[in-house]
**Student:** 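Submitted below is the structure of interest, expressed as structure tokens.
Only this structure's heavy atoms are used, side chains among them; waters, hydrogens and symmetry mates stay out.
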Amino acid sequence: MREVRLDVEESCLPTDLEPRPSALTFLGHSSPVTESANLLLILVTLALGLIVDQHAGLAGQLAVSVWTWSVFFWLLRTSPREWRLPFYACLVWATAGEILLSLVWMLYTYRLGNIPFFIPPGHVLVFYLGLVMAPRVPRAFVVLVPAAAIGYAAFALNDGSDTISIPLTVLFILCMQQPEGRRRYAVIFVAALMVEVYGTWIGNWVWHQDVPYLGLKSANPPLAAGAFYCALDVLVGLTVRELKRLPRMASALRLTASAQMPQVENKPLVRAHIWPHG
């Protein structure tokens, strides 16, 4: 038996295993009509849903939850196939984030002291807004949004009433270091701020003035709250990257293993025939 050893060059491995930025790139809908219709549906859901939740009690909250989940599944059905995994990842991370920020850290509290069932899919709706609106905003928008955030952080540092927005602005700027996602982060930052202002104004939730454990102050809402949504986007990107790498990593490992396995030298097969004696 002769051992045959093959060296697999690094260039033979899939290039997708190389580290990539956490930001995702997306192709839009094939139909602009679908995009516009879904955007309108999301805006109506956010605007009217929060009003119903505020004034119709627990029954209204459950009705809004059923409706928002229906919109979530509608977006799954009408969006490009490659958006589905990010939507699911966003749903999982949003749920974990709500539990951490609201129930554990106690940064804010919802009206009924719970986490409404419509909140996790609601994060996906904001994520969808970022995906669709990002290609439509001008480049100046990508510059003005972080500039305004930094300016407000400087004001908050001097004023002392919303000091949590200072580290949140730093978080936002760190997210903006991903070139592939800058437009989307800028859109999500502004869209999330609008949702936060609207929701706290109606009374669906309230941000507590004293930030637990950090000794910081928070406005209601902090004007850099959109940084949490941008960080959610980054986590979604990292999750999707890793999930897509798993099959390729397994394939590369199988390729390496098969190349390093000893192989048996081919030899002619000798057959022995036994003739019975008469």
Side-chain angles (χ1 to χ4, degrees), residues 4-30 34-35 38 68-69 71-101 104 115 117 119-135 171-172 174-189 192 226-263:
V4 179
R5 183 179 181 87
L6 298 178
D7 293 328
V8 180
E9 296 183 1
E10 184 179 356
S11 60
C12 295
L13 299 179
T15 56
D16 292 325
L17 296 181
E18 295 298 325
R20 289 186 176 184
S22 59
L24 295 174
T25 55
F26 295 88
L27 298 176
H29 288 276
S30 58
T34 303
E35 282 188 354
N38 286 347
T68 307
W69 276 98
V71 174
F72 167 75
F73 287 114
W74 172 256
L75 294 179
L76 281 178
R77 179 180 178 183
T78 59
S79 298
R81 184 178 298 273
E82 63 269 17
W83 292 18
R84 295 177 184 177
L85 182 57
F87 283 175
Y88 285 123
C90 180
L91 190 66
V92 172
W93 279 113
T95 303
E98 287 293 332
I99 294 173
L100 173 63
L101 299 181
V104 178
I115 297 177
F117 290 131
I119 291 297
H123 281 281
V124 180
L125 269 57
V126 176
F127 182 65
Y128 181 95
L129 283 174
L131 292 179
V132 173
M133 294 302 299
L171 177 62
F172 174 54
L174 290 176
C175 293
M176 291 292 287
Q177 299 309 304
Q178 299 289 338
E180 297 86 351
R182 284 175 181 167
R183 289 182 182 232
R184 189 165 69 252
Y185 298 147
V187 171
I188 289 178
F189 186 86
F228 284 123
Y229 293 73
C230 295
L232 171 64
D233 189 303
V234 173
L235 289 174
V236 169
L238 291 171
T239 302
V240 172
R241 294 279 189 215
E242 293 304 314
L243 290 177
K244 287 185 175 181
R245 287 181 64 187
L246 289 178
R248 302 187 184 105
M249 291 178 64
S251 177
L253 291 174
R254 287 195 298 267
L255 175 62
T256 305
S258 62
Q260 294 181 351
M261 287 179 60
Q263 299 182 4

**Student:** Measuring from atom OG1 of T78 to atom CD of E35, what distance do you get when rounded to the nearest 0.5 angstrom?
**Tutor:**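 Interatomic distance, T78 OG1 to E35 CD, rounded to 0.5 Å: 10.0 Å.
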**Student:** Just wondering, do V132 and N38 contact through their side chains at under 4.5 Å, heavy atoms?
**Tutor:**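 Of all side-chain heavy-atom pairs linking V132 with N38, none is under 4.5 Å.
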**Student:** Which atom names give the shortest non-hydrogen contact between R182 and Q177, and what distance separates them?
**Tutor:**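 In this case the closest contact between R182 and Q177 is NH2-O, 4.0 Å.
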**Student:** Is the backbone of L131 close enough, under 3.5 Å, to the side chain of R184 for a donor and an acceptor to pair up by distance?
**Tutor:**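 Judged by distance alone, no pair lies under 3.5 Å.
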**Student:** Identify the two heavy atoms, one from V240 and one from A89, that lie closest to each other, and give their separation to 0.1 Å.
**Tutor:**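 Distance-wise, the nearest heavy atoms are CG2-CB, 4.4 Å.
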**Student:** Is the shortest heavy-atom distance from the side chain of Y88 to the side chain of L76 under 4.5 Å?
**Tutor:**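 When only atoms from C-beta onward are counted, L76 and Y88 do touch, with a gap below 4.5 Å.
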**Student:** Is the backbone N or O of L75 less than 3.5 Å from a side-chain atom of W83, with the two atoms forming a donor-acceptor pair by type?
**Tutor:**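 Between the backbone of L75 and the side chain of W83 there is no qualifying donor-acceptor contact (under 3.5 Å).
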**Student:** May I ask you to test the Q178-C175 pair for a side-chain heavy-atom distance under 4.5 Å?
**Tutor:**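 No, their side chains stay 4.5 Å or more apart.
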**Student:** With a 4.5 Å heavy-atom cut-off, do F117 and T68 have their side chains touching?
**Tutor:**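 No, every pair of side-chain atoms sits at 4.5 Å or beyond.
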**Student:** Please work out whether the ring planes of F127 and F87 are parallel, tilted or perpendicular, with thresholds of 30° and 60°.
**Tutor:**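 Answer is perpendicular, since the angle exceeds 60°.
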**Student:** Measure the spacing between SG of C90 and CG of L235 and express it to the nearest 0.5 Å.
**Tutor:**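 Reported to 0.5 Å precision, the distance equals 10.0 Å.
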**Student:** Please find the pair of heavy atoms, one from T95 and one from P120, that lie closest to each other, and give the distance.
**Tutor:**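 Taking T95 first and P120 second, the nearest heavy atoms are OG1-CB, 3.4 Å.
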**Student:** Quick one: closest heavy-atom pair of L91 and V124, and the distance?
**Tutor:**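 Minimum heavy-atom contact is N-CG2, 4.0 Å.
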**Student:** Taking all atoms of both residues into account, what is the closest heavy-atom pair of L171 and A231, and its distance?
**Tutor:**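 Distance-wise, the nearest heavy atoms are CD2-CB, 4.0 Å.
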**Student:** Say you draw a straight line from CH2 of W93 to CG of L100; how long is it, rounded to the nearest 0.5 Å?
**Tutor:**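 Output value for this atom pair is 10.5 Å.
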**Student:** Please report the closest heavy-atom contact between V126 and I188, naming both atoms and the distance.
**Tutor:**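 Nearest heavy atoms, V126 then I188: O-CG1, 4.3 Å.
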